Trainee: 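Below are the structure tokens for one structure; questions will follow.
Residue indices begin at 1 and follow the sequence shown. None of the values given here were measured: they were computed from a predicted structure. Note that ligands are numbered from 1 as they come in the structure, with each ligand's atoms numbered from 1 the same way.
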Amino acid sequence: MKALVTVKRVIDYNVKPRVKADGTGVDLANVKMSMNPFDEIAVEEALRLREKGAVSEVLVVSVGPAKAQETLRTALAMGADRAILVSTDDEVEPLAVAKIIKAIADEEQPGLIITGKQAIDDDSNQTGQMIAALLGRGQGTFANEITVTDGVVTVKREVDGGLETVSLPLPAVITADLRLNEPRYASLPNIMKAKSKPLATKTPADYGVDTTARLKTLKVSEPPVRSAGIKVADVDALVAKLKELGVA
Ligand code: AMP
């Protein structure tokens, strides 16, 4: 069984994003970019399933600019077998990504598609669900644990206040949550090896997908700056202050 894993190039999670002065978006000039953290977890899970013998090949796919090749090479260095870059300079919304992944899935017939639960740049939390809907497959979202046995995948899902266990017939779509695993680091020899692994470059048009945006960003603004706190002498003073501020 093949596993298809989606990986998005996003602003590195350690970087504090800066909003452009004109409020049209986040400033990406000279900013460190990395693989979306949930996608590292998705790649790791596919590799572990391959190591257990449940998966025979791990295919990684990214939709984005030419530089997303670096993200794919990172996934190949972690251990993925093959990559497809769907190259576009447009800002691609979840529906367009999902349509592209559907078209690739029609060609590649993966038994499992694993996405991150959300991209940390747009925070949409939509792509995996849309892929499942377009393919008419079951979805196990927010996966905390995955077990594959005899044509069935059992997924423990992170839900409010606990875990829900669901069972899905394969093929299926899974979205990876934070506690699914701890992704491995790529070793230097594997980074070298990854350079010669197959990476195909396609365009959205190759899959008949129009990536024109359906949404228009009207404004992006910084969160309000937190004002400094004050110290109070005791509980009575605290209650008096809260009353004064109208919060108690
Ligand atoms: P989102 O729905 O945008 O929050 O993204 C959820 C997941 O879909 C991400 O963690 C990725 O695995 C996948 N995804 C979203 N956009 C892309 C993209 N442009 N290229 C590859 N994968 C993507």
Trainee: Hey, does D39 come in under 3.5 Å of ligand 1, counting only N/O atoms on both sides?
Mentor: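 Yes; the residue has a nitrogen or oxygen that sits under 3.5 Å from a nitrogen or oxygen of the ligand.
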Trainee: Between the main-chain N or O of V58 and the side-chain N or O of D81, is there a donor-acceptor pair closer than 3.5 Å?
Mentor: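 At least one qualifying donor-acceptor pair exists.
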Trainee: Nearest to atom 22 (N) of ligand 1, what protein heavy atom do you find, and at what distance?
Mentor: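 Checked against all protein heavy atoms, atom 22 (N) of ligand 1 sits closest to T6 CB, 3.4 Å.
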Trainee: Does any N or O in the side chain of R50 come within less than 3.5 Å of the main-chain N or O of G79, such that one atom is a donor and the other an acceptor?
Mentor: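 Flag set: sc R50 to bb G79 pair under 3.5 Å.
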Trainee: Quick check: does S124 get an N/O under 3.5 Å from an N/O on ligand 1?
Mentor: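 Between S124 and ligand 1, an N or O pair is found under 3.5 Å apart.
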Trainee: With heavy atoms of N36 as the reference, note each atom of ligand 1 found under 4.0 Å away.
Mentor: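 It comes down to these atoms of ligand 1: 9 (C), 10 (O).
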Trainee: May I ask you to identify the nearest protein heavy atom to atom 8 (O) of ligand 1, giving residue, atom name and distance to one decimal place in Å?
Mentor: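 The closest one turns out to be T127 CB, 3.2 Å.
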Trainee: Any atoms of ligand 1 less than 4.0 Å from a non-hydrogen atom of D122? List them with their elements.
Mentor: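 Listed by number with element, the hits are 1 (P), 3 (O), 4 (O).
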Trainee: Taking only heavy atoms of N125, which atoms of ligand 1 are found under 4.0 Å from at least one of them?
Mentor: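 Counting atoms of ligand 1 from 1, those under 4.0 Å from N125 are 1 (P), 2 (O), 4 (O).
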Trainee: When only distance counts, is A119 in polar contact with ligand 1, meaning an N/O pair under 3.5 Å?
Mentor: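 Yes - when backbone and side-chain N and O of A119 are compared with those of ligand 1, one distance drops under 3.5 Å.
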Trainee: For atom 16 (N) of ligand 1, what's the nearest protein heavy atom and its distance?
Mentor: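 The answer is K8 CD, 3.4 Å.
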Trainee: Name the closest protein heavy atom to atom 19 (N) of ligand 1, giving the residue it belongs to and the distance to 0.1 Å.
Mentor: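 Here the closest protein heavy atom is V63 O, 2.8 Å.
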Trainee: Tell me which part of T115 gets within contact of ligand 1: side chain, backbone, both or neither, using heavy atoms under 4.0 Å.
Mentor: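 Near ligand 1, T115 shows its backbone as well as its side chain.
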Trainee: Are any of the N/O atoms on G128, whether in the backbone or the side chain, positioned under 3.5 angstrom from an N/O atom of ligand 1?
Mentor: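 There is no such contact.
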Trainee: At what distance is the nearest protein heavy atom to atom 7 (C) of ligand 1, and which residue and atom is it?
Mentor: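 Checked against all protein heavy atoms, atom 7 (C) of ligand 1 sits closest to G116 O, 3.3 Å.
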Trainee: V61 near ligand 1, heavy-atom distance under 4.0 Å?
Mentor: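 V61: in contact with ligand 1 (<4.0 Å).
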Trainee: Side chain, backbone, both or neither: which part of V7 has a heavy atom under 4.0 Å from ligand 1?
Mentor: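 For V7, the contact with ligand 1 is made by the backbone alone.
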